[in-house]
Amino acid sequence: MLSAEEKAAVTSLFAKVKVDEVGGEALGRLLVVYPWTQRFFESFGDLSSADAILGNPKVKAHGKKVLDSFCEGLKQLDDLKGAFASLSELHCDKLHVDPENFRLLGNVLVVVLARCFGSEFSPELQASFQKVVTGVANALAHRYH
Amino acid sequence: MRNKRPHSEEAAQTCFWPIRITSKLPDTMVHFTTEEKAAVASLWAKVNVEVVGGESLARLLIVYPWTQRFFDSFGNLYSESAIMGNPKVKAHGRKVLNSFGNAIEHMDDLKGTFADLSELHCDKLHVDPENFRLLGNMILIVLATHFSKEFTPQMQASWQKLTNAVANALAHKYH
C-alpha cells in the first residue's frame with residue numbers, strides 16, 4: 001500500500017504529533033463539523049457548543065484513545081486489517097457505528113495535521129496520510145456484517 | 001408523529017383521516033446561518049485566490065491521481081513538483097476558486113448559481129460528481145495549512161457545509 005519512502009515520511013511526521021492534543025482536537029472537530037456523530041457519545045456530557053465540545057474532558061480522553069490506536073496501526077501498515085480486526089468487530093457488533101464515520105474522522109484528522117504543520121504538510125505527505133487514513137477506515141469496516 | 005386511527009365509527013365519520021398534503025413541498029436548499037456566512041466571508045477576504053486555487057487543484061491531482069485524466073492537455077503532470085509548478089494547473093485552480101467566490105456571494109441559491117457549470121460538467125466534461133467533493137476537501141486542507149489560527153472548528157464546519165453544498169449544486173443538473 002505505501003512505499004518505503006511514504007512509510008518513513010508518515011512515521012517521521014507523526015513522531016512530532018502531540019497525541020494528547022491532536023486526538024482530542026480531531027474527535028472534537030468531528031463532533032462539530034458532523035453533528036450527527038454526537039449520537040455515539042451521549043454519555044459524554046456537555047456537547048452543546050463547539051467550545052463545550054473542544055473543552056470536554058471525555059472528548060479529549062476518547063480522542064487520545066482513538067489516536068493511540070491509530071499510532072499502533074502506523075506500526076503495522078502492512079497488515080491494517082489484522083491490526084484493527086478486534087476494533088472492527090467491536091464497532092460493528094457493540095457500538096453499531098456506520099463505517100462512513102471512520103472516513104469522516106480520517107478526513108478530519110488530515111485537516112488537523114494540515115493545520116498543525118502548515119506548509120510542512122506537503123502534497124506528498126498529504127497523499128501518504130490520505131492512504132493511511134483510508135486504509136485504517138477500510139480495516140475498521142472489514143469485519144462488518 | 002403518526003395520525004391515530006379513529007376509535008369509533010362515529011369518530012370516523014366526523015374526522016378527516018388521513019390528512020393529505022396537496023401542495024407541492026418547496027425545493028430544499030441548504031440554509032446558512034448569519035454566523036456561518038460571516039465566518040466564510042471573513043476568511044475568504046484573506047484568501048489569495050491564485051495561491052489557494054492553484055494549490056487546491058494541484059493537491060487534488062497529487063492525492064487522487066485519477067483526476068489527472070481530466071487535464072490531459074495540461075502538459076507535465078509527472079511529479080508533485082511538476083504539478084505544483086504547472087502554470088495551467090495554477091490558472092485553472094484560480095478559475096475554479098473564483099467560481100467559489102461567486103458561490104460565497106450567492107449562498108442562498110447555489111443550485112441556481114451553478115446550474116450552467118453543472119450542465120457543462122455533466123454534458124461536456126463528463127466529470128464524476130464525487131470529484132467535486134474531493135476538490136472541496138482539498139480546499140479545506142489548503143485553508144487549514146494557510147490559516148492555522150483562523151481555521152477554528154466552527155470555521156471548518158462552515159466551510160465544509162459550503163463545499164458540500166457547492167458539490168451538490170454542481171451535481172444537481174446531472175442526468
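Per chain, numbering begins at 1; letters A, B, ... match sequence-line order. Just so it is clear, the values below take in all heavy atoms, side chains as well, and ignore hydrogens, waters and symmetry mates.
With a 4.5 angstrom heavy-atom cutoff, A:Y34 touches chain B only via side-chain atoms.
With B:F71 as the aromatic partner, B:K88 does not meet the cation-pi criteria of under 6.0 angstrom to the ring centre and within 45 degrees of the ring axis.
Among B:Y64, B:F147, B:F151, the residue making the largest number of heavy-atom pairs under 4.5 Å with chain A is B:F151. Put simply, of B:H146, B:E55, B:K149, B:Q156, the one with the most heavy-atom pairs under 4.5 Å next to chain A is B:Q156. Contact count versus chain B (heavy atoms, under 4.5 Å) is highest, among A:Q126, A:Q130, A:E25, for A:Q126.
Look at A:K7 and A:D78 and you find a salt bridge, because one of the NZ, NE, NH1 or NH2 atoms lies within 4.0 Å of a carboxylate O, short of that distance. Salt-bridge annotation for B:D108 and B:K37: present, with a side-chain N of the basic residue lying under 4.0 Å from a carboxylate O of the acidic one.
Scanning all heavy atoms of the two residues, the minimum distance from B:W159 to B:L43 falls at NE1-CD2, 3.6 Å.
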